[in-house]
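What follows is a set of notes on a single structure, which appears directly below.
Keep in mind that the numbers below use all heavy atoms, side chains included, and drop hydrogens, waters and symmetry copies. Owing to the predicted nature of the structure, the values given are computational and were not obtained by experimental measurement.
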Amino acid sequence: MDSSGLRRSWRYPNLGGGGGGGGDSLSTVDSWGFGRSSGESNLGSAFDAAESANRVIRVEIVAEPPAESRPGNGGGLRRHRKRRSDEEEFDLNNSEPESEEEYEAYEENYDDKEAVALIGVSPPGDDSSWRTECSQVLRVKSIYICSAIFAAESPFFDKLFSNGMKESEQQHVTLKINASEEAAVMELLRFMCNGNLSTTSPSLLLDVLVAADKFQVVSCMRHCSWLLANLPMTADLAFFYLNLPCSVSMPDAVLPLTNAATDFLATEFKDLTKHQNVVMDFPLSVIEAILSRNDLKETSEDEVYNFALKWARARYPEPEERREILNSRLLPLIRFSRMSCSKLRTVLECSEFDSKLARKFVLEALLFKAEKPHHQKALLQGESTSQMFAERDYHYHPVKVVEFDQPFPQSVAFLDLKREECAKLFPGGRLYSQPFYLAGHGFFLAVHCDTGHESASHCFGLFLGNQENEKDPKSFTVEYKFAVRARPSGEFVNKYGGTYAFTGEKVVGCGNIFPWSSFIHKDSPYFINDVLHLRAELTAKQCVM
């Protein structure tokens with residue numbers, strides 16, 4: 001029967017008397033109650049219900065030893081002596097055997113016949129390997145439990161209550177814990193009885209999660225993970241959750257928490273251009289989450305590719321391991337169809353990639369670029385291909401470019417903008433295209449919303465920028481023409497043009513292609529299916545020294 005079934009049947013237990021007289025022997029210690037009335041039979045009353053329990057857990061809370069007295073290793077959770085014929089003692093802090101003096105003190109009070117041997121039962125992952133034997137017992141709390149429920153909830157308790165030894169039949173078990181563990185262990189015991197926690201404190205929930213891991217209470221681990229994942233997240237918390245103590249041995253149980261932490265970091269640091277130095281220290285899981293996002297912020301997919309390569313080289317200095325990470329984990333997340341052809345060429349030349357895989361990605365990208373628009377749209381809507389070909393929210397807007405060498409160097413760049421992208425430019429925004437080339441010279445398009453030179457009204461402006469070094473003494477003369485598609489014909493209509501000798505980084509164009517109010521109006525003839533289609537024709541004229 002699973003644990004939830006046991007909890008349901010706990011409403012009507014038939015497990016015998018309440019601890020076999022344990023109530024009398026424990027009359028001098030604290031009881032961990034929660035306002036039960038004697039007539040309650042609901043699920044919550046399963047915790048500390050003497051009238052329907054068959055075991056008693058006696059929790060001894062001891063003072064924390066000084067840090068310098070803590071050994072570096074220990075022998076695991078140990079049962080070392082029983083104080084009554086019906087009680088076992090367990091130390092959660094992996095104590096070493098008592099000193100000879102303490103053994104003698106025990107001998108004075110208890111018959112030798114009651115002594116039992118040490119056994120190696122311990123909660124997996126328990127790293128609390130220290131306790132001085134003179135630690136003061138601060139208080140004692142006794143919990144009435146149903147051993148069947150605890151055994152179903154935890155392999156540790158299952159082994160404890162069903163190991164076939166005489167001691168497994170005793171009705172009292174003593175657990176010795178540090179004061180710092182008290183709140184978490186008591187919450188864990190409560191959860192094992194009724195499936196609820198009384199806290200929403202992130203720090204205490206995390207302590208309960210670690211305690212649940214010690215005792216292999218997977219259901220509590222999942223519950224704590226879910227609660228923590230739904231609490232407000234910060235970057236520090238997210239990093240901590242992704243690096244939980246090594247004692248957390250059941251990663252599937254904490255997936256809700258690690259997934260929430262990963263998603264938070266991927267959202268907070270999706271702007272790679274802004275946070276690249278910070279993101280370089282992120283673990284692989286977060287890098288994968290960032291590279292999977294459509295709203296990732298980067299200048300272009302070329303830079304996304306550059307970042308992935310740079311990160312892998314920094315984090316995985318061993319060539320074989322780096323090659324494995326790149327080929328199996330990172331390359332499938334790169335949108336090769338959105339990379340420039342010149343960058344795709346470098347993919348084929350990179351020795352860190354599997355050559356067959358690199359050729360596959362590049363071929364798929366080139367075929368996508370060559371497809372007709374309606375075929376590209378179908379690929380973007382396909383379940384298996386949509387992410388592979390989708391555009392991201394790049395800082396620099398993608399352009400489609402057609403280049404000619406004869407009879408003279410010429411490039412035609414097409415820039416398509418959605419209506420909402422244009423609307424966001426008001427009142428003083430700017431949008432830049434990814435670079436494109438003419439005769440080896442780099443250019444880009446810039447769209448502005450600004451006030452006109454002759455009036456205070458806002459206008460839509462279009463400009464051509466050059467990426468050359470200002471110190472370069474050469475000038476490069478370009479004839480340029482700007483055009484836009486217009487309804488009802490859908491043909492491109494020339495709006496502005498000129499000839500300019502570029503020397504260094506310069507920007508030329510027109511700040512008043514359209515008056516803003518008429519341009520953005522819902523009846524504007526320049527939006528076709530809510531898309532603005534711009535075209536820039538560049539022709540190389542001469543190169544002068």
Side-chain angles (χ1 to χ4, degrees), residues 271 273 297 299-300 391-402 410-438 441-468 470 476-539 541:
D271 192 333
T273 303
K297 295 284 188 180
T299 55
S300 68
E391 284 186 1
R392 304 187 197 264
D393 190 10
Y394 301 111
H395 285 301
Y396 296 162
H397 204 286
V399 290
K400 299 176 182 178
V401 182
V402 179
Q410 187 177 38
S411 291
V412 183
F414 298 89
L415 177 63
D416 295 341
L417 302 176
K418 297 177 182 178
R419 183 187 290 270
E420 56 265 30
E421 291 177 313
C422 294
K424 290 179 181 179
L425 296 176
F426 186 85
R430 284 163 169 71
L431 183 151
Y432 300 95
S433 80
Q434 294 177 4
F436 58 96
Y437 297 88
L438 172 65
H441 296 261
F443 294 88
F444 63 90
L445 296 176
V447 173
H448 292 197
C449 173
D450 210 339
T451 54
H453 295 293
E454 299 179 357
S455 68
S457 60
H458 287 84
C459 303
F460 177 90
L462 181 60
F463 300 84
L464 175 67
N466 178 251
Q467 292 187 315
E468 300 301 310
E470 289 186 0
F476 184 67
T477 302
V478 176
E479 179 183 358
Y480 63 93
K481 297 178 183 178
F482 297 151
V484 59
R485 287 189 188 273
R487 290 185 288 136
S489 67
E491 299 291 335
F492 278 101
V493 178
N494 288 326
K495 300 300 295 184
Y496 189 80
T499 301
Y500 190 80
F502 287 94
T503 54
E505 296 179 351
K506 302 293 183 180
V507 177
V508 296
C510 178
N512 187 14
I513 297 288
F514 310 111
W516 186 263
S517 58
S518 60
F519 160 72
I520 204 67
H521 193 271
K522 64 179 181 178
D523 294 327
S524 170
Y526 302 112
F527 286 97
I528 301 175
N529 295 325
D530 284 334
V531 176
L532 176 69
H533 301 272
L534 299 173
R535 183 184 72 190
E537 294 184 20
L538 279 62
T539 304
K541 289 300 182 181

Restricting to non-hydrogen atoms, name the atom on Asn494 and the atom on Arg535 that form the minimum distance, rounded to 0.1 Å.
OD1-NH2, 3.9 Å

Distance in Å, Leu538 CG paired with Lys481 NZ, rounded so as to fall on 0.5 Å steps
11.5 Å

Donor-acceptor under 3.5 Å (Thr299 side chain, Tyr396 main chain)
no

Taking all non-hydrogen atoms of both residues, which atom of Gly511 and which atom of Cys459 are closest, and how far apart?
O-CB, 3.4 Å

For Lys495, I'd like to know if atom NZ has over 12 heavy atoms of other residues, nucleotides or ligands within 6.0 Å.
yes

Measure from the side-chain N and O atoms of Arg487 to the backbone N and O of Ser524, and report whether any donor-acceptor pair falls under 3.5 Å.
yes

If only atom types and distance count, is the side chain of Arg485 paired as donor or acceptor with the main-chain N or O of Gly490 below 3.5 Å?
yes

Regarding His397 and Asp416, do their side chains bring together a donor and an acceptor under 3.5 Å, going by distance alone?
no

How close do Ile528 and His533 get, counting heavy atoms only, and between which atoms?
O-NE2, 4.2 Å

Whether Phe502 and Tyr500 hold their rings parallel, tilted or perpendicular, with breakpoints at 30° and 60°:
perpendicular

Testing Val447, Leu445, Val399 for side-chain contact (heavy atoms from CB on, under 4.5 Å) with Leu534, which one passes?
Val447

Mind checking whether Tyr480 and Val508 have side chains closer than 4.5 Å, heavy atoms only?
yes

Yes or no on salt bridge (charged side-chain N to carboxylate O under 4.0 Å, His left out) for Asp393 and Lys297, after CA distance, side-chain angles and deciding distance?
CA-CA 6 Å; Asp393 190 10; Lys297 295 284 188 180; 2.7 Å; yes

Which pair of heavy atoms, one from His458 and one from Cys449, lies closest together, and at what distance?
CD2-SG, 4.1 Å

For a quick check under 3.5 Å, do Gln410 and Thr539 share a side-chain donor-acceptor pair by atom type?
yes

Can you tell me how far apart NZ (Lys541) and OG1 (Thr499) are? Round to the nearest 0.5 Å.
6.5 Å

Name the one of Phe514, Phe519, Phe460 that satisfies ring-ring contact (aromatic ring centres under 6.0 Å, His included) with Tyr526?
Phe514

In the structure I gave you, are the side-chain heavy atoms of Pro398 and Glu391 within less than 4.5 Å of one another anywhere?
yes

In Å and rounded to the nearest 0.5 Å, what is the CG to OG1 distance from Asn512 to Thr451?
10.5 Å

Distance from Glu420 atom CD to Ile520 atom CD1, nearest 0.5 Å?
9.5 Å

Using 30° and 60° as the class limits, which term best fits the ring planes of Phe444 and Tyr432: parallel, tilted or perpendicular?
perpendicular

Answer yes or no: is there a donor N or O on one side and an acceptor on the other, between the side chain of Arg419 and the main chain of Leu532, under 3.5 Å?
no

Smallest heavy-atom separation, Pro435 atom then Gln467 atom, equals CB-OE1, 3.4 Å

Closest heavy-atom pair, Phe426 versus Trp516, reported as atoms and distance to 0.1 Å, is CD1-NE1, 3.4 Å

Taking His448 for its side chain and Gly461 for its backbone only, find out whether a donor-acceptor pair lies under 3.5 Å.
no

